[in-house]
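Encoded as structure tokens, the structure appears first; notes follow it.
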Amino acid sequence: MKRKLIIREKIILAIFLVAMIPMITGIGSGYFLGVELLKTATINKYQNTAAPQAAGAGDMGDLVVLYNSLVRKLSVQLLLLMGVLLTIMVVVGIKVSRMLTFPIEKLREGVERISKGDLDPRVVIRTGDELEVLADSFNRMVEDLGRTTTSIDLLNAEMSARHTAERALAESEGKIRALLDQAFQFISLISTEGVLLDANRTALDLVGADPQSVLNKPFWETPWWTHSPELQAKLKNAIAEAAAGNVVRLEVTHKDKDGSLHDVDFSLKPVRDDNGRIIFLIPEGRDITDRKKMEEKLRVAYEQLKQFQSQLIQAAKMGAVGQLAAGAAHEIDNPMSVISGESEMLLLEARDERTKDALKTIMEQIRRVDSIIERLLSFSRKKEPVLQALRINEIIEESARLAGYQAKTQSVEMVKDLAKELPKIMADENQLKEVFVNIILNAAQSMEDKGTLRIRTYEEGVVTDDNGNRRSSVVAEFRDTGKGMDQEILNGLFEPFFSTKDRGMGLGLFVCYGIIKSYGGNIEVHSKPGEGSTFTVKLPALG
């Protein structure tokens, strides 16, 4: 295909042709000047060769013909010459134009290849002028562009790899965030100074907080801790210890958005970088409220089981005591009947008052022994006590009167502080008197020769339930100034056959304890060696 002239070649060719115009004009002028000279020469020749008179019209016509013939020949030659010159000018102009535009064309082709992404072209121009310098600059530019493109490709590859890594990291972070937010534990991230950096959804939902309200704040000033200044101080110490590289574990409480306290097993763990430097701390908490409640229920159940076991043991002991009491009662009953009969006979025959008083005392004590034997038999026969509504102050007054003689013989002073208008209690009168007489006599014996027994009654634990029923306990307190008891004695105080007396059987307090427990009450004892003892009898009050 024939190559078309590019615009630069056309411009150069036009410039060349324009430059040739003076030459062509000169040739044309020479032509016309030659014609004029020829015309002048012809006329002169004609004038010189023949006299004007001799020249006729025919000669003149021949001259014109000759002149025209010469002009035509000159014109043809001129046209041929101008055609040859014009052809030479065009050919030379094209050559010159191509010589001038070829290096530029090579540069243009190189630019077009570069624009299409081909960075391999090199332009070789050896003209020794500015075009060669331009070609070298172009080649250096292509090399720089190649290196830049390679760098860009590497950069694009690096950016693509980084983008892939960032996307993988974002996906990984999303998975980790999902795992953390779905965890049951309270998980956070704090700085080594204690500033909260992140918290999972479980922890935020507990206190009803959004991240903006708690992040970048000191951890101890967040809603999990502000309910307790004591816990805030503990947390600060724990953060300092964890920042030093230690794992810290505490049992704390968190207040939820409804104001309820949750028991939390809390820990702080340090996070280290590759160089072993601690950069973060991870607080983690597990809600153990349900576990604590279950533990409390188990503890209560265990205590109830122990109490039930103690009751079973006590029942077994009571059974054994009942059997022993039945045998002893039958053995004692016969001689006591003889003594009672003989005493009655002697009383009928007695004449002096002193003998009668002594026999009456013997008869009274026999009746007391009969009462004791009857109670011992009641243990063995499972006899139900006769319960009735009683006023505890009246029972205490009667019991103090019965035990008063022995108390006076030991120089024991009884001081009574009995509350007025106490509610009644449900009990068996004789059994309750026996309990109080036993406690008073034991107190008097513990004080040996001298002391004070203070007896006080009062009401405690007054509670009104949802139905308006009033519930409380009526308390009788016996506080002596005796020698007191150590823990070993206290542990066996209500056990059967346990006694600190040389001639005691160890059944008195055991029986008293069983009587009070059967009423739904309790006996408590507080004592220390050298500080006396306090027996507290609590009985449920009648509503």
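Bear in mind the structure is a predicted one, so any value in this text is a computation, not a measurement. If you read the sequence from its start, that first residue is 1, and numbering goes on from there.
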Original post:
Is it true that Arg479 and Glu477 have a side-chain N and a carboxylate O under 4.0 angstrom from each other?
Top reply: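 So Arg479 pairs with Glu477 through a salt bridge.
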Original post:
ring-ring contact (aromatic ring centres under 6.0 Å, His included): which pairs involve residues 514-540, sequence neighbours left out?
Top reply: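 Counting only pairs at least two positions apart or across chains, no ring-ring contact (aromatic ring centres under 6.0 Å, His included) contact touches residues 514-540.
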**OP:** Return each pair, listed once, that meets ring-ring contact (aromatic ring centres under 6.0 Å, His included) where at least one residue sits in residues 274-294; pairs must be two or more places apart or across chains.
**Re:**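 Applying ring-ring contact (aromatic ring centres under 6.0 Å, His included) to every pair that reaches into residues 274-294, excluding sequence neighbours, yields nothing.
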Run the side chain to side chain contact (heavy atoms under 4.5 Å, CB included) test against [X] and tell me which residues pass, sequence neighbours left out.
X      : value
Arg272 : Ile278
Ser228 : Glu230, Leu231
Gln388 : Leu390, Glu429

**OP:** Please collect all side chain to side chain donor-acceptor pair (under 3.5 Å) contacts where either partner lies in residues 187-197, sequence neighbours excluded, each pair once.
**Re:**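 Matches after skipping sequence neighbours: Ser191-Glu193.
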Original post:
Atom NZ in Lys292, atom CZ in Arg299: separation rounded to 0.5 Å?
Top reply: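 The NZ atom of Lys292 sits 10.5 Å away from the CZ atom of Arg299.
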Original post:
Looking at NZ of Lys424 and CG of Asn393, how far apart are the two atoms once the value is rounded to the nearest 0.5 Å?
Top reply: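 Rounded to the nearest 0.5 Å, the NZ-CG separation comes to 12.5 Å.
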Original post:
Would a line drawn from the ring center of Trp225 to the ring center of Phe266 be shorter than 6.0 Å?
Top reply: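 When the ring centroids of Trp225 and Phe266 are compared, they turn out to be within the sub-6.0 Å range.
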Original post:
With ring centroids as reference points, do Phe436 and Phe478 lie under 6.0 angstrom apart?
Top reply: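 Ring centroids of Phe436 and Phe478 are less than 6.0 Å from each other.
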**OP:** Establish, from distance only, whether the side-chain atoms of Ser473 and Glu460 form a donor-acceptor pair under 3.5 Å.
**Re:**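 The answer is no; no qualifying pair exists.
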